[in-house]
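Beneath this line is the structure, given in structure tokens, with notes to follow.
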Number of protein chains: 2
Amino acid sequence: MSRTNELRMITRVAQMYHLEGLKQSDISEVLRISQASVSRLLKRAEAEGIVRVSIVAPSGTYPDLESAIREKFGISEVIVADCREDNDDAVFSAIGVAAAHLLEQTLEDGDVIGVSSWSATLQQMLDNIHPIKRVRAERVIQLLGGIGVPSAQIHATQLTTRLAHLINGEPQLLPAPCVTGSPESKRILVSDPHVKATVDQFKRVTTAFVGIGAMAPSQNLIYSGNTFTQAELEELARRGAVGDICLRFYTADGEPLAGEIYERVVGMTLEELQAVPRVIGTAGGKRKTASIAGALRGKLIDVLITDRFTAERLSELT
Amino acid sequence: MSRTNELRMITRVAQMYHLEGLKQSDISEVLRISQASVSRLLKRAEAEGIVRVSIVAPSGTYPDLESAIREKFGISEVIVADCREDNDDAVFSAIGVAAAHLLEQTLEDGDVIGVSSWSATLQQMLDNIHPIKRVRAERVIQLLGGIGVPSAQIHATQLTTRLAHLINGEPQLLPAPCVTGSPESKRILVSDPHVKATVDQFKRVTTAFVGIGAMAPSQNLIYSGNTFTQAELEELARRGAVGDICLRFYTADGEPLAGEIYERVVGMTLEELQAVPRVIGTAGGKRKTASIAGALRGKLIDVLITDRFTAERLSELT
DNA sequence: CCTCCGCATGAATATTTATTCACGCTTGAT
DNA sequence: ATCAAGCGTGAATAAATATTCATGCGGAGG
């Protein structure tokens, strides 16, 4: 009987606080109890399920998918971009916009940004960044060499340079091909002062933006001809590769696939990547599902930006 | 496009705050925005309807009825007691319990409590009060004379005395019949030192507990024989009386019915009652609907305690 | 091209809310 | 009956949240 009365009191307090918008001290005056008691009653109201807060996802946002992925993979942040269709153009564009927003919103003075060149989503990000005056990034570091052929080299360079310009930082280029013919030539390249200077900066990166590559042939033709041979790719696949970040291949569990190929890549290693405080992975599209899942399982990235279709697939993985 | 992104942000913040229970400063750290911005986003989340708080009434509580009555009559507080059946016994008991709780919860040191004797609900209240040690009321004042016959006088006296005892106050009795034969005899009675002492204390009352009487014959037989004649009651009815508080009759609009009868009552006037900071009216039952409505319309009481059936009827009045 | 206005931001601060603390009541065991 | 443990309370205080203020950006209109 007293229980009912107590519930009534709790309900009344909750009503005054949440619906009428009164402050606790007002309520305490009206009901003649102390403010401390009002606070306690409100806490009980939540505990007893008398007040319930529900969050309605506005159209175009996918908080449920985001939390599903966060929880499933134990990752700290997931951004699911809205996207009309499930094709690469639409997906990459949506992800790029979201990535641009994330960069704009979270860039801080003195940040050192790393970017893996050669990602369609990062390209899209570039196109959607609003020039930022507010803060001044220290520098933008290219995390992966350019592609073998000189014209392609330019692309990678441009991505880094443009980004640096947009966020008021110095570009720090990695003037090298991304894949060398042998571990020896890689070692020699890395001893070049310009290359070494950049590699030495890797440990200073505060935020890295990286694309996630899939094993299946990509539109960018990254691997074909310019980088790895078909045979090499087949070997990687045989060893369990599901995708790559900065051309560092990893398995379904996100374990790096060490070996000769690993030693021929000029760019940040996955170990170095782990040491970066915030790694933002951007990727989407049907081909990428397994690649993304691997990166998530291996905790290779801290933040995932993807599209709603890919997010759906990720959340449904067994 | 940016709108979607903003909504996503708002939703995410709302989620972290309301569902995950993070504090704003934590959120601001994770999302890398200032705590002020988090606060602002949360406010927007409510404004945009992204977070909704709903209050679920626990069974046995009737917040909707309460607010309906509060709003309809512009009264500051309504307590609707749970009650299984719509008969006087059940109703009076439920109201008594609720009144007792209210008294216990809101009694403050030094309060001067007024009680109109001869109310079945107040009798019930007495039986349900837990002795209070915490605070010490200054005194309990009897607001209405006892009924004519001596044995009944005792009842009124006892109610006041028992209450005073329960809340550690001094009883201040009104040693007089509640209705005299004529205005003159009333004036003489009131000049009696004991009676006058009590009447003089009326203005010091901080909280008054009053029953609300109905016109139709009551179980207590208050009016018949002991107080007013059938003819007098009929006259009152003809003049529009719908009920009484402390035997002060009033109309459907809560206007006091002045006149000879009014001058023959020994007890607090409705004018004096208006001056009391907090007047708590207790009443319920089918016969009382119109009486309560009148008291509410005339703002004769500040707090109404009733049962859910009566509350329903009150809320449905045109 | 420049200037002014409105808007958004974060730091500082004011306000509000939650927690701690000390105390008194109740309860249940001895 | 007496005492200790546990609960609930309000006052004081700590913590969290909202608001103010000053500043800088972006766009409209000279």
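Naming convention: chains lettered A, B, ... in sequence-line order (proteins, then strands); numbering from 1 in each chain. If you're wondering where the values come from, they're calculated on a predicted model, not measured in any experiment.
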Does anyone know the first and last nucleotide of DNA chain D in reach of chain B, 5' to 3', at under 4.0 angstrom to a heavy atom? D:dA16 to D:dT20
Taking the basic N atoms (NZ, or NE/NH1/NH2) and the acidic carboxylate oxygens, is any pair closer than 4.0 Å for A:R12 and A:E20? yes
Residue pair A:D111, A:T206: steps toward the side-chain hydrogen bond (donor to acceptor under 3.5 Å, both in side chains) verdict: CA-CA 6 Å; A:D111 265 348; A:T206 56; 3.2 Å; yes
One thing to verify: whether B:R32 and A:E77 come together as a salt bridge, which I'm taking to mean a side-chain N less than 4.0 angstrom from a carboxylate O. no
For B:V38 and for A:I33, locate the closest nucleotide of DNA chain D by heavy-atom distance; then report the residue assigned to the nucleotide nearer the 5' terminus. A:I33
Which is true for B:S39 with a 4.0 Å heavy-atom rule: it touches a base, it touches only sugar-phosphate, or it touches nothing? base
Whole angstrom is fine here: how far is it from CD in B:Q24 over to P in C:dT15? 18 Å
Gap between atoms CD and P, on A:Q35 and C:dT20 respectively (whole Å): 14 Å
With the side chain counted from C-beta on, respond yes when A:I33 and A:M9 share a heavy-atom pair under 4.5 Å apart, and no when they do not. yes
For A:R40 and for A:Y17, find the nucleotide of DNA chain C with the closest heavy atom, then tell me which residue's nucleotide is more 5'. A:Y17
Test: B:D127 and B:R162 ion pair at under 4.0 Å: yes
Side chains of B:L65 and B:V78: closer than 4.5 Å at any heavy-atom pair? no
Rounded to the Å, how far apart are B:E29 CD and C:dG10 C1'? 15 Å
Side-chain N or O of A:K43 less than 4.0 angstrom from OP1 or OP2 on C:dT17? no
Can you tell me how far P of C:dA18 sits from NZ of B:K23, to the nearest Å? 12 Å
Separation of atom CD in B:Q105 from atom P in C:dC25, rounded to whole Å: 18 Å
